[in-house]
Amino acid sequence: MKRIAVDGLPQDPLAAAGAFHQHWLEQVEQVLEGGEDALILVPPADHTHRQWRLAMVAGLARKYAPCRINMVAGDGGEAVDATETYLAAAPGITGQYLET
């Protein structure tokens with residue numbers, strides 16, 4: 001599973017979604033097109049970011065099945081590592097947005 005750490009997203013949810021599309025989506029799609037599962041790591045954000053993040057990862061999961069993709073919000077560290085380990089061993093989980 002390839003971890004893609006996203007940074008530099010604005011505080012505003014609409015601007016953050018736009019920045020993700022502009023700066024990160026191509027890289028994520030290249031990984032999936034290559035047949036590799038992916039985990040997108042995004043910085044923590046308030047509840048106003050949940051919907052665009054969930055829509056993004058769910059749409060990518062549908063488009064690139066059977067490759068798996070999930071998005072995790074967190075600062076890194078043990079919680080993110082443990083989540084990544086769990087997801088790598090759980091072949092039925094894809095298209096999920098999780099917060100650590």
Determine all donor-acceptor pairs shorter than 3.5 Å in which one atom belongs to a side chain in residues 45-60; sequence neighbours excluded.
unit_1 : atom_1 : unit_2 : atom_2 : d
Asp46  : OD1    : Thr48  : N      : 2.9
Asp46  : OD1    : Thr48  : OG1    : 2.4
His49  : ND1    : Trp52  : NE1    : 3.1
His49  : NE2    : Gln11  : O      : 2.8
Arg53  : NH1    : Pro43  : O      : 3.1
Arg53  : NH1    : Tyr97  : OH     : 2.9
Arg53  : NH2    : Pro43  : O      : 3.0

Approximate separation, where rounding is to 0.5 Å, of [X] [atom1] and [Y] [atom2]:
X	Y	atom1	atom2	answer
Asp75	Leu41	CG	CG	8.5 Å
Ile40	Trp24	CD1	CH2	10.5 Å
Asn70	Thr94	CG	OG1	5.0 Å
Ile69	Glu36	CD1	CD	11.0 Å
Leu98	Leu87	CG	CG	6.0 Å

Practice task
Would you indicate whether Leu14, at its atom CG, is surrounded by more than 12 heavy atoms from other residues, nucleotides or ligands within a distance under 6.0 Å?
Solution key: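 No, CG of Leu14 has 12 or fewer neighbouring heavy atoms, counting only those of other groups under 6.0 Å.
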Exercise for the section: Please say which of Gln30, Gln22, His23 ends up in a side-chain contact (heavy atoms from CB on, under 4.5 Å) with Glu26. Expected result: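 It is Gln30; the other options fail the test.
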Problem - Side-chain donor or acceptor of Asp37 paired with backbone N/O of Ala88 under 3.5 Å - result: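 Judged by distance alone, no pair lies under 3.5 Å.
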Handout entry: Any donor-acceptor pair under 3.5 Å from Thr100 side chain to Ala73 backbone
Key =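 Between the backbone of Ala73 and the side chain of Thr100 there is a qualifying donor-acceptor contact (under 3.5 Å).
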Exercise for the section: Look at the side-chain heavy atoms of Ile, Leu, Val, Met, Phe, Trp and Tyr, link any pair under 4.5 Å apart, and say whether Val42 and Leu39 land in one connected group. Expected result: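 Not linked; separate clusters.
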What pairs of donor and acceptor atoms, side-chain ones from residues 1-8 against any protein atom, are under 3.5 angstrom apart with sequence neighbours left out?
unit_1 : atom_1 : unit_2 : atom_2 : d
Arg3   : NE     : Glu84  : OE1    : 3.0
Arg3   : NH2    : Asp81  : OD1    : 2.7
Arg3   : NH2    : Glu84  : OE1    : 2.6

Practice task
Taking all non-hydrogen atoms of both residues into account, name the closest pair between Gln96 and Ile93 and its distance.
Solution key: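 Taking every non-hydrogen atom into account, CG-CG2, 3.7 Å.
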